[in-house]
Amino acid sequence: LRWKSSASYWRLIGKSANLGDMKVVAILQAPLRSTRLPAKILLPLPTGRTVLEETIFSCREARTVHQTVVCIPDTEECDILLPFTGGATVVRGPEDDVLERYRRAAETVGAQIVVRVTSDCPLIAPAVIDRVVRQRNIHGLAYASNCITDAKRTYPLGYSCEAFTAAALDWHAKNIWQAEAREHVTWNMRQKALPVAEANVACPDGDFSHIRWTLDTIDDYVEIVRATENALRANNLLGVITDEYRWHRDRAGPEAGDSC
């Protein structure tokens, strides 16, 4: 199998099986260590779930996802994560090779399409996951994402979702050895997919890329808790995002708001 950058090649690899028969598996990487906020995925949220459990819950609620897997490092210290896996299948693998951990998880459960969501993004909506998976399916792509580059991203930071074929994952795990690829899993896939316009999934409601809902610092945690409380009272995602935009605008002042 050779990887080419042409759109026709990526579509061909994506059509390796009947779309209706393909098993879609959401795989979350769940590291315990974090330089800026250790054990951040175990922090509690107003929903009564931890950050990790909330992210798993969103993946399991997605209509296009058949199974959810948490891939946990095979170190003893990460055993503490096991009670917080929210009913997801657990697969363990090397801590310092996340790409191999993903490959092992996909192979273990027989995934044909892999959905990648990181466990520090508890606010990701199931509908967003479904949109990315469906765009991959409609165009028969090897890779599709709503975060292919920062310049093209229109969803809030923390809504990142990628969908790709297990064949693409397997090939990259066995052939690509750059440090970035082993740590960030889809680093090389994104480079290959850049020429394919359909690989980028844009937010249909507008550009909300200025909103930060990912968890790296204690300030992020405060923001996510507040947004979660708002979401519990909201009727739809767009309402929450719109409120967030107004809140950020009002806090920053009219000049900052006008520049968004």
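Since we're looking at a predicted model, the values are computed, not measured.
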(Q) Can you tell whether the side chains of Arg36 and Asp216 come within less than 4.0 Å, N to carboxylate O? (A) yes
Q. In Å and rounded to the nearest 0.5 Å, what is the CG to OG distance from Leu123 to Ser58?
A. 8.0 Å
Q) Apart from Val222 itself, what residues make up its hydrophobic cluster, given side-chain heavy atom links below 4.5 Å? A) none
Q) His66 side chain to Val25 main-chain N or O, any donor-acceptor pair under 3.5 Å? A) no
Q: Drop me the distance from Ile113's CD1 to Met22's CE, to the nearest 0.5 angstrom.
A: 3.5 Å
Q) Backbone N or O of Ala167 within a donor-acceptor pair of the Asp170 side chain at under 3.5 Å? A) no
Q: Give a yes or no on whether a salt bridge exists between Glu100 and Arg103, defined as a side-chain N under 4.0 angstrom from a carboxylate O.
A: yes
Q | Residues Leu169, Leu99; criterion side-chain contact (heavy atoms from CB on, under 4.5 Å); working and verdict | A | CA-CA 8 Å; Leu169 174 64; Leu99 178 55; 3.6 Å; yes
**Q.** Shortest non-hydrogen separation from Ala30 to Ser119 and the atoms involved
**A.** CA-OG, 3.6 Å
Q | Step-by-step side-chain contact (heavy atoms from CB on, under 4.5 Å) determination, Leu81 to Ile41 | A | CA-CA 9 Å; Leu81 297 173; Ile41 60 176; 3.8 Å; yes
Q) Between Ser209 and Asp207, is a side-chain hydrogen bond (donor to acceptor under 3.5 Å, both in side chains) present by the stated rule, with each step listed? A) CA-CA 6 Å; Ser209 58; Asp207 186 354; 2.7 Å; yes
Q. What's the spacing between Leu157 CG and Arg212 CZ if we round to 0.5 Å?
A. 5.5 Å
**Q.** Any Leu32 side-chain heavy atom under 4.5 Å of Leu42 side chain
**A.** yes
Q) Between Asn146 and Val201, is there a donor-acceptor pair closer than 3.5 Å when you use the side chain of the first and the backbone of the second? A) no
(Q) When you compare the side chain of Arg134 with that of Arg63, does any pair of heavy atoms fall below 4.5 Å? (A) yes
Q. Looking at Ile124 and Gly158, what are the two nearest heavy atoms and their distance?
A. CB-O, 4.0 Å
Q. Do Val115 and Thr64 touch side chain to side chain, with heavy atoms closer than 4.5 Å?
A. no
Q: Would you check if Leu45 and Tyr221 make a side-chain contact, meaning some heavy-atom pair closer than 4.5 Å?
A: yes
Q: May I ask you to decide if Val51's main-chain N or O and Thr55's side chain share a donor-acceptor pair within less than 3.5 Å?
A: yes
Q | Ile56 side chain reached by Arg49 side chain, heavy atoms, under 4.5 Å | A | no
Q: Please check if the side chain of Arg182 supplies one atom and the backbone of Ala173 the other of a donor-acceptor pair under 3.5 Å.
A: yes
Q | Separation between CG of Leu28 and CZ of Arg116, rounded to the nearest 0.5 Å | A | 10.0 Å
Q: Return the minimal non-hydrogen interatomic distance between Ala144 and Val132, and the atom names on each side.
A: O-CG1, 3.8 Å
Q | same_hphob_cluster(Val225, Phe57) at 4.5 Å side-chain heavy-atom cutoff | A | no
Q.
Would you say that His184 contacts Val98 through its side chain, given a criterion of any heavy-atom pair below 4.5 Å between the two side chains?
A. no
Q. Side chain of Arg136, backbone of Ala163: donor and acceptor closer than 3.5 Å?
A. no
Q. Phe164 vs Tyr143 aromatic rings, parallel, tilted or perpendicular, using cut-offs 30° and 60°?
A. parallel
Q | Tyr102 vs Cys71 side-chain heavy atoms within contact, under 4.5 Å | A | yes
Q: Of all the heavy-atom pairs spanning Arg92 and Asp74, show the shortest one and how long it is.
A: NE-CA, 3.9 Å
Q.
Let me confirm one number: the CD1-OH distance from Ile211 to Tyr155, rounded to the nearest 0.5 Å.
A. 13.0 Å
Q. What closest approach, in Å, do Trp213 and Ile224 show between heavy atoms, and which atom pair accounts for it?
A. O-CD1, 3.7 Å
Q: Kindly compute the distance separating SG (Cys147) from CZ (Arg190), expressed to the nearest 0.5 Å.
A: 6.5 Å
Q: Check the pair Arg226 / Glu223 against salt bridge (charged side-chain N to carboxylate O under 4.0 Å, His left out), numbers first and verdict last.
A: CA-CA 5 Å; Arg226 190 178 58 78; Glu223 291 285 323; 3.2 Å; yes
Q: Please assess Thr75 against Glu95 for the test side-chain hydrogen bond (donor to acceptor under 3.5 Å, both in side chains), listing each intermediate value before the final yes or no.
A: CA-CA 7 Å; Thr75 59; Glu95 182 175 30; 4.6 Å; no
Q) Under 3.5 Å, is there a donor-acceptor pair between the Asp120 and Thr118 side chains? A) yes
Q) Got a sec: does the CZ of Arg131 have more than 12 other heavy atoms crowding it under 6.0 Å? A) no
Q) So, are Arg104 and Glu107 salt-bridged, with charged N and O less than 4.0 Å apart? A) no
Q) Is a side-chain donor or acceptor of Lys152 paired with a backbone partner of Asn200 at a separation under 3.5 angstrom? A) no
Q. Taking all atoms of both residues into account, what is the closest heavy-atom pair of Thr85 and Leu82, and its distance?
A. OG1-O, 3.0 Å
Q) Given the rule in the side-chain contact (heavy atoms from CB on, under 4.5 Å) test, do Val109 and Lys23 qualify, once you have shown the distances and angles that lead to the verdict? A) CA-CA 9 Å; Val109 300; Lys23 182 178 181 180; 4.3 Å; yes
Q: Pick out which of Glu162, Gln191, His172, Lys192 makes a side-chain hydrogen bond (donor to acceptor under 3.5 Å, both in side chains) with Thr186.
A: Glu162
